Every structure is written in structure tokens, then in C-alpha cells.
Student: 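The structure follows.
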Amino acid sequence: MSNGKNKKIEFGDWQTPPELTKKICQLLFEHNIFPSSVIEPTCGRGSFILSAIETFPSVKYYLGTDISEQYLADTTEKISPFTKKMDIKIIQADFFTFSWDKQLESMPEPILVIGNPPWVTNSGLGSIGGKNLPQKLNFQNHKGLDAITGKGNFDISESIIITMLENLRGHDAYLAMLCKTSVARKILSYSHKNHLSFDLCKIYNIDSKKYFDVAVDACLLCVHLKKQHQPIQCEIYNDLSDKYSILASFKKGRFIANLQLYEKWKHLFGDEKTSLRWRSGIKHDCAKIMELHKSHDDYYKNALNEEIQLEDDYLFPMLKSSDLANGEIKTINRYMLVPQSFVGEPTDRIKNRAPKTWQYIQQNEKLLDKRTSVIYKNNPKFSIFGVGDYTFSDWKIAISGFYKSIRFRLVGPYEGKPVVFDDTCYFLSCKSEEQAKAIYDLLSTDAVKEFYSAYIWWDAKRPITLEILNMLSINKLADFFGKDNNYTGFENSKLCNKQEQLTMF
Ligand SMILES: C[S@@+](CC[C@H](N)C(=O)[O-])C[C@H]1O[C@@H](n2cnc3c(N)ncnc32)[C@H](O)[C@@H]1O
């Protein structure tokens, strides 16, 4: 740990401004939360403790802990006017080694745990050489594939809040803590799986730009623990003063973003195996070489600014997320090199069919071989993923996984060739223009927007996922709107044959 900036990152050191801590304490008071003890486990400069002192006359005992000696000195000075009248302890402690269970035994209830634990991930710590981690490194025991896909990455605040909730089991206790909204959802998913019950569960979104000058979706997570088991129902508010909430809850293990819309449209849910499935665009992990712009005639330019002459056999017009999000698509000038027509297809056949293309990928062998993802191991050289018959159908309906709206695009062939997508997009491959237009009309209805809004968490990095898109049964949707098979052209696509299932990615 060399510099002050890294130190700030390692210890997630964004102190909460008193304006916000006051608002939060006031809100809790207005909700009839009258604690007898208050704990601030990462109290920093003590804004939460001071606001709690000003707000809750019911409190008999305060405990503030933090790892930073300097901050504790600040806090001790700030609270000195109150220490004669009140039982306040400010202790230097590392959250991860402190005996919370013993501490809680002696505290008058109800207990309120309040604060703002550090906003940093374990991989963020790794990149700056930080060591501020819980002892159990593989927190929540993520293994194998999860570790590869990044699920083993967690926020320090996630481990602090879950550790606190586990210690609070069996106590009459509230927890009100600021964290990223993605972290709040992970904590509630953990609580659902591990039977932590709450009779009050609220998420208030907060303006992190205004209070912390950072662009992160953050919230106040507020719960009251309950001894008897009860399913989690969480009220979600747009901000601390919002009076209206959206109810979120767990259904079949999934955290549903909008329970009301879920109940309204759950009859359209379907996971039947049809060939009309949403697919991811092509994954190649080498845009520098695989994505090209047309220069003139059969000359193309890659991102290294090299001009190359290529046959058009393996080149397809391509669209990215940003193309799908921006208005009508009139012209396409980007092309993708698609060296395989199905996953695992030998690539050496390119040599005879398209010698210039073969020479180009051979010349860039090093960059392509450098792709680190395990999926490329034990597969033919220059392999790509997310490719199959469905890639080459002329008519498709596509959507970006990154954008914050449910906006489908009808995409037909361009210059006589099917359009392909990169792996930030999802698409439905249709059998004909007629079928594509019919399904596009169905997908453009408010019913579909509402159906998906039940499942989508808009603050997620990639809010729209393949899993969510495939939850909607297009057959049931067509039935709902009284459209028959002739209209949608479904009869040929209802059941996929075994071969197709085998090649599905
Ligand atoms: C986001 S700041 C919040 C400070 C304070 N809670 C507030 O709201 O203003 C996080 C605090 O966590 C403290 N911290 C970081 N790692 C800690 C650890 N392992 N144990 C205890 N405190 C820690 C930092 O020193 C810092 O003061």
C-alpha cells in the first residue's frame, strides 16, 4: 500500500456527510425505531454516531468501532460533550476480528446497527495490493465455475453486513446501512437462502453523486430481524423522502423486482424447449482483428488501422449494443469475421475456401491465441462462440443487454447477407420475414414491457440477460393476443430436434 489514494480505496473510505446521516436517523425515528443500543461498526469520523445522539433519546449505550486510529481520534473529540451524560464507547477494532457475538450479548435491546461499510470489492483490493479482507477468503464458498465467472468476487460491505446480520440472529435488532444497490440485493438473496427473516425490509435509493460524488447505484438497506420465519418482502423507494414503494420478493429462488407485475403477467412465463430461444451474439474476444470497417471494394480496415483485402465468404455485417440503442439502422459499415458456422467446426478449411482470409488470421495468430478465456482451450484455432444455424437466419429480433430500456429491433438482411451481433446483444432468430414481423409486433406491446419489468433490475451492469429474455413464452404471448400459428409461423419452430439441442450454445 503505497499512496493515500490506494489507502482510501482499500478502506472504502468515503465518509458520509452529516446532512445524509441526519436524514437517515430522522427517517428511522419517523418509522418508530427507538433503539436502546446503537452500534456503528465502521464509524470513521462519526457522523452516524453524532446524528444518532441528536435523534434517539431512547439510547442507553453507543458503540463505535473503526480500524483507523486517526478517525477514532476525530470521533472521540466530537462526542466529548456527550460522554459525561451517556454511555459511549469508541474502540479501535478490525471488524473482521472483533467478537461481535460476545459484544451483542451484553447490549440492551432493541439494537440498531447503523453505518456505511467500505465500498470496495475483494478483486478491487487485489488490484491495489490491499489486505482488508475477511479471514474466510472464499466468502460464501463460491467454487469452480462461479469463481471463473466472477461470482467469487464480493464487496467488503457485503461480507460486513452479512456477518453483522448473522450475529444479530435471535436479537431484537435493526440494521440500517448504506451500500451499493447490487450489494443490498445480494444480502437479501443470502438472507432468503439462509432463512434470515425480517418483518421490516426497505431499500431507499440514494443520490450517491450528490452525497459522495461517485457514480454508483447506492441505497440505504433497512431491516428489522424477526425470529419466526417469514418470506422476505422488500419495499423499494426511489429516495429517502419517497412515500410510494414497489414491492420486491422472492419467487422460485429468484429476486423479483416488481411483485405486482410478476403476479399480473406470470401466466406468460414459459420455459418450454422451442427453437425460438433468445441467443447471445458472437463471442470472439478479439475485436481488434475480428471486427472490421469497409474501406473500399473488398478492402477492410481493422482497429490496428491495417488495410486488408478479404473475400466476403466469412464476413458479415454486424451490429453492437450502441447500434441497437440508437434510432433506426439505415447503413452498416462494420463487419465481423465469422470463421465458423457452428461451435467446434474445424477452421483449417478456410485455407482453400478463402486464402486471403486465412492469411489474415494466420498473420494475427498471436493476438487470437492470447485470448485467455477457458472456452478457447481445446477448441480449433481461431474459434468463436455463440454461433450456429441461428446466426445465419436473415430475419432477427435483437436487443442490447446493456441499455436501460426494453427496446427490440427488427433486423433484416443487409446487402444480401444476414446481420450478426456481438456478445453484448441478444437476438431471436426467425424463420421468415413474416414470422419476424409478427413476433416483433407482439414484443412491442406494453404486456411484454410489463412482463420483463417484473424481473429486470435496471441498476445491474447488464440489466437484460438471456435468462430473463427466455422467461417469456412467445407461444403463450401469441395465444394471449389471439394470434394463431399462421400469423406467427410457430408451427415449424415449436419443437427443436435433438441435433439442434446438441449444438445450442
Ligand atoms: C465508507 S467509510 C464510512 C465511515 C462512516 N461509517 C461514515 O458513514 O461516515 C468506511 C469506514 O470503514 C473503515 N474500515 C475499513 N475497513 C475496516 C475494518 N476492517 N474494520 C473496521 N473499520 C474499517 C474505514 O476506516 C472508514 O472509516
Side-chain angles (χ1 to χ4, degrees), residues 1 4-28 38-55 62-79 88-100 103 112-122 124-126 128-137 139 154-164 167 175-181 183-184 204 206-214 216-222 240:
M1 288 298 306
K5 190 176 165 214
N6 278 358
K7 216 164 191 112
K8 183 166 167 141
I9 296 172
E10 172 167 13
F11 293 94
D13 189 2
W14 275 265
Q15 302 290 312
T16 317
E19 181 197 354
L20 181 58
T21 57
K22 276 182 199 160
K23 267 193 187 163
I24 291 172
C25 289
Q26 198 53 42
L27 180 80
L28 300 178
V38 168
I39 302 178
E40 219 295 34
T42 57
C43 69
R45 290 202 162 118
S47 303
F48 270 110
I49 298 218
L50 274 174
S51 297
I53 291 174
E54 286 164 12
T55 316
Y62 285 95
L63 172 66
T65 60
D66 199 283
I67 204 160
S68 156
E69 256 179 71
Q70 190 202 329
Y71 287 159
L72 291 176
D74 275 10
T75 307
T76 309
E77 198 187 317
K78 277 188 209 155
I79 56 148
I88 310 178
K89 278 205 177 59
I90 302 294
I91 308 173
Q92 189 200 9
D94 177 351
F95 178 90
F96 298 114
T97 54
F98 193 75
S99 302
W100 290 108
Q103 177 62 49
L112 168 64
V113 177
I114 197 165
N116 177 11
W119 301 5
V120 61
T121 59
N122 61 339
L125 278 181
I128 57 166
K131 295 191 174 59
N132 188 20
L133 281 168
Q135 279 159 329
K136 200 165 111 197
L137 240 184
F139 174 68
F154 61 89
D155 276 77
I156 304 307
S157 61
E158 182 188 343
S159 67
I160 288 184
I161 297 175
I162 288 178
T163 306
M164 210 67 224
N167 278 290
L175 178 139
M177 291 190 129
L178 293 170
C179 59
K180 292 185 207 161
T181 45
V183 166
Y204 294 91
I206 62 146
D207 185 344
S208 55
K209 185 81 196 137
K210 173 176 167 190
Y211 293 114
F212 297 98
D213 197 25
V214 290
V216 178
D217 285 298
C219 69
L220 175 76
L221 171 67
C222 182
L240 291 172

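For ligands, and for the atoms within them, numbers begin at 1 and follow the listed sequence. Predicted model, so just to flag it, every value in this text is computed and none were measured.
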Student: Taking N or O atoms only and a 3.5 Å limit, does Asp66 qualify as a polar contact for ligand 1?
Tutor: yes
Student: Which is it for Phe96 and ligand 1 at heavy atoms under 4.0 Å: side chain, backbone, both or neither?
Tutor: side chain
Student: Tell me which part of Glu40 gets within contact of ligand 1: side chain, backbone, both or neither, using heavy atoms under 4.0 Å.
Tutor: side chain
Student: Considering only heavy atoms from C-beta outward, does the side chain of Phe95 approach that of Trp100 to under 4.5 Å?
Tutor: yes
Student: Is there side-chain contact between Cys179 and Asp155, with heavy atoms separated by less than 4.5 Å?
Tutor: no
Student: Determine, using heavy atoms of Gly115 and all atoms of ligand 1, whether some pair is separated by less than 4.0 Å.
Tutor: no
Student: If you measure from the Lys or Arg side-chain nitrogens to the Asp or Glu carboxylate oxygens, is any gap between Lys78 and Asp74 under 4.0 Å?
Tutor: no
Student: Counting only heavy atoms, tell me which of Leu178, Thr75, Asn116 gets closest to atom 3 (C) of ligand 1.
Tutor: Asn116
Student: So, regarding Trp14 and ligand 1 (criterion: nitrogen or oxygen to nitrogen or oxygen, under 3.5 Å), is there a contact or not?
Tutor: no
Student: Of all the heavy atoms in Gly46, does at least one lie under 4.0 Å from an atom in ligand 1?
Tutor: no
Student: Which atoms of ligand 1 sit under 4.0 Å from any heavy atom of Asp94?
Tutor: 18 (C), 19 (N), 20 (N)
Student: Any side-chain heavy-atom pair from Phe48 and Leu178 closer than 4.5 angstrom?
Tutor: yes
Student: Give me the atom names and distance for the closest heavy-atom approach of Asp66 to Gly44.
Tutor: OD2-N, 2.6 Å
Student: Kindly say whether Asp217 contributes a backbone atom to a donor-acceptor pair with the side chain of Ser208 at under 3.5 angstrom?
Tutor: no
Student: If you measure every N or O of Phe48 against every N or O of ligand 1, does any of those distances drop under 3.5 Å?
Tutor: no
Student: Have a look at Ile114, Thr42, Asp74 and point out the one with the heavy atom closest to atom 12 (O) of ligand 1.
Tutor: Thr42
Student: Any idea which atoms of ligand 1 are less than 4.0 Å away from a heavy-atom of Ala93?
Tutor: 20 (N), 21 (C)
Student: For the side chain of Tyr62 and the backbone of Ile90, is there at least one donor-acceptor N/O pair under 3.5 Å apart?
Tutor: no
Student: Considering only heavy atoms from C-beta outward, does the side chain of Ile88 approach that of Ile53 to under 4.5 Å?
Tutor: yes
Student: For the 3.5 Å polar cut-off, considering only N or O atoms, please tell me whether Pro118 and ligand 1 meet it.
Tutor: no
Student: Please determine, by modelled atom types, if Thr21 and Ser51 share a side-chain donor-acceptor pair under 3.5 angstrom.
Tutor: yes
Student: Say whether Ser47 and ligand 1 are in contact under the criterion: heavy-atom distance to a ligand atom below 4.0 Å.
Tutor: no
Student: Please report whether ligand 1 has a polar contact with Gln15, defined as an N or O pair separated by less than 3.5 Å (distance criterion only).
Tutor: yes
